[in-house]
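First the proteins, then the strands, lettered A, B, ... as listed; each starts at 1.
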Amino acid sequence: MYVTIIMILGVLASALYIAGQIKGTKDALAEFRTTEEDEGEDTLSQAYIAYLIVAVIVSMLLIGLMGVASFWIYVPPFFAIGSAAVVGWAFFIERTLERRP
Amino acid sequence: MDPSTLQVHPGLTPTLGYIVMIGLGAFSLIIALIVRTKLIRTTRDFVASDKRIGLGFGVGSLISVWTWAMAVMMSTGLTYAFGIAGLFWFVVPNGFAVMLCTPFARYLRKHMPQGYTISEFINHRFDKSKAATGIVTIAMIFGIILEILINLKGTSLVMSIIFGIEWRTAVIVGVAAVLVYSYFGGLWTSVMTATLNTLMITVPAAIIVALILDKIGGAEVLWTSVSTKSALNPGNPLTVFRADAPIGFGITLAFGLIAATVADQTFWQKAWSIKKRHVGRSFLWAGAWFYPIPITLGILGLVGIGFGLTPEVIDPIGKDIIAVGPYIVSHIGLPLGFIILYVLIILAACYSTIDGASSALSSVVAVDICKRYWPAMSEKALFIFSKLAMLIGGIISAIIVLTGLISPPWSLRRTRLKHLCYCRLYWPSSGPVLIHLGLWAGSCWQWRLV
């Protein structure tokens, strides 16, 4: 059951990733034909420190909890698939972020 | 978990190993040739992608270049040696080091928007001091070569353990496979293939680990077996509070990793090539979403403990702990296709890092050497020199790996450079005394720990 779920999620994340990369490549080609310089400012808010702290704490917990109960050993592969999904998703939201003032 | 059940898969032949290595290189070469015709017009396109890399490619390529072949195997190896304390001390500083680049990358793009290399930045901040810039340029080149040779070493180890390929031949085939496609495409190829490699690292890692957990009867069986054993050191392998992990490698590694990102042109090339509005987010997300990769692969280290494997068994010649991951995957009884998938994880990590480093080397040579010392050099000549730099860097690295000449002072220079960068980024008024104090204190600290 666990392997099946991982496989299904893996396929879905891969599909999102590949679709994203194709979109990103098309966007790069379209931009290459323009001479317009992208002068936009960095859109990351100052609250990124909180994101950084949360990422570090979650990773520490993920590792530490593997020593507390066997259940937690099943969790990291879901996050690995999550990494692929996030990169795929990033291709789709970058235009939205670029339209922000 | 009975170690006598572990048998090498009979289908793992050297020929298959060469096919996998060359096949991945050939696939990347096709991408490189497409990129070359569609996205490369000038040297600026070649070394900096015309500063048009978006968020998706930014995050994907940063994760990939930071996931070294050694890192993939090291997370497994250190878990095997120190239990989850080893994984903790290896992983936590790793992602943090990338995220720590976020403020620096934003600062650089804001104050030096048209930059290309960290040496250029040092030149700017040190009032065009030739000595400072020259030292940093040399340190950058050494650092890049170190990056390439460490990955070549890791790849040769995997190919020799899994496919029985002679390690020296694996080094030569590996470096040739990467250099051929890097040569044709520049940074855009590096970014696109690296992003694709992130997919090849993340999802297969999850699937391989899930299959292995299934094969041994589930996490409960593993947890019970591990809780009664310790691989190499006395102590509980299921606690992060073991002192031997930070003392043995953790503290030194944490300092080294932070130095590696802050003083690495591979990262700064990306900082100047990603669209300004996405720079901060790219580094932040890359660091955060890098974490699951080594954590997932670290589980294989627990499997090594659970089976009670010894270094003599996993690597009879070198007794290297990083061989535990390849050993388990090739011996536990996975179908051949999944073993190849694991090899592709390592090769993807290796190729993308070497490719990224080669691309960084081309930018250093073009900007910090050719443009600085021969400003009248034609665009065509600059382009040729940028490409030749990649080839020469790869060949030198391969020769060093083949001869075994790896010098520890290289990492020392990187740490010194880190202190220098910190001081000059945020305290521009810091005088030479403070800078040198920082440099030497950092050096002494590192030597003491090493």
| Over all atoms of both residues, closest heavy-atom pair of B/P292 and A/A80 | CB-N, 3.4 Å

| Checking heavy atoms, do the side chain of B/F57, its backbone, both or neither come under 4.5 Å from chain A? | both

| query | So what's closer than 4.5 Å to chain B heavy atoms on A/Y2: side chain, backbone, both or neither? | reply | side chain

| request: Hey, could you give me the CD1/OG1 distance between B/I305 and B/T79, rounded to the nearest 0.5 Å? | output: 7.5 Å

| Engaged part of B/L196 at the chain A interface, taking heavy atoms whose separation is under 4.5 Å | both

| Of all of A/S59, A/A84, A/G10, which one pairs up most often with chain B through heavy atoms under 4.5 Å apart? | A/S59

| field | B/L222, part contacting chain A, at a heavy-atom distance under 4.5 Å | value | side chain

| task | Taking B/S61 for its side chain and B/V191 for its backbone only, find out whether a donor-acceptor pair lies under 3.5 Å. | result | no

| If only atom types and distance count, is the side chain of A/Q21 paired as donor or acceptor with the main-chain N or O of A/F91 below 3.5 Å? | no

| task | Among A/K23, A/E94, A/M60, single out the residue with the greatest number of heavy-atom pairs under 4.5 Å to chain B. | result | A/E94

| message | With chain A as the partner, which of B/K110, B/E220, B/R106 has the greatest number of non-hydrogen pairs under 4.5 Å? | response | B/R106

| So which part of A/W72 gets closer than 4.5 Å to some heavy atom of chain B, the side chain, the backbone, both or neither? | neither

| request: With a 4.5 angstrom heavy-atom cut-off, could you sort out which part of A/I93 is near chain B: side chain, backbone, both or neither? | output: side chain

| Where on A/A85 is there a heavy atom nearer than 4.5 Å to chain B: the side chain, the backbone, both, or neither? | neither

| query | Relative to chain A, which of B/T102, B/T198, B/V91 shows the most heavy atom pairs under 4.5 Å? | reply | B/T198

| query | Relative to chain A, which of B/L199, B/I201, B/V221, B/I63 shows the most heavy atom pairs under 4.5 Å? | reply | B/L199

| request: Counting only heavy atoms closer than 4.5 Å, note whether B/V279 contacts chain A via side chain, backbone, both or neither. | output: both

| said: Among B/W285, B/F241, B/F88, which residue has the highest count of heavy-atom pairs closer than 4.5 Å to chain A? | reply: B/W285

| task | With a 4.5 Å cut-off on heavy-atom pairs, point out which of B/G60, B/A219, B/A210 contacts chain A the most. | result | B/A219

| query | Do side-chain atoms of A/S83 reach the backbone of B/W289 as a donor and acceptor pair under 3.5 angstrom? | reply | yes

| message | I'd like to know which of B/L211, B/T239, B/L302 tops the heavy-atom pair count under 4.5 Å against chain A. | response | B/L211

| query | Under a 4.5 Å heavy-atom cut-off, does chain B meet the side chain of A/V75, its backbone, both or neither? | reply | neither

| field | Check: B/S225 side chain, B/G306 main-chain N or O, donor-acceptor pair, under 3.5 Å | value | yes

| request: Step through it carefully: locate the ring centre of B/Y291, locate the ring centre of A/F79, and say whether they are under 6.0 Å apart. | output: no

| said: Under a 4.5 Å cutoff for heavy-atom pairs, which residue among A/G20, A/A69, A/G88 has the most contacts with chain B? | reply: A/A69

| query | Rounded to the nearest 0.5 Å, how far apart are CD1 of B/I84 and CG of A/L65? | reply | 8.5 Å

| request: Would you please test B/W223 and A/I73 for side chain to side chain contact (heavy atoms under 4.5 Å, CB included) and show each step? | output: CA-CA 8 Å; B/W223 204 81; A/I73 295 174; 3.6 Å; yes

| Measuring heavy-atom distances to chain A, does B/I299 have an atom under 4.5 Å in its side chain, in its backbone, in both, or in neither? | side chain

| Polar side-chain atom of B/K215 near backbone of B/G333 as donor-acceptor pair, under 3.5 Å | yes

| request: Identify the two heavy atoms, one from A/Y74 and one from B/G218, that lie closest to each other, and give their separation to 0.1 Å. | output: OH-CA, 3.5 Å

| request: Check whether B/L213 gets within reach of chain A through its side chain, its backbone, both or neither, counting any heavy atom under 4.5 Å. | output: side chain

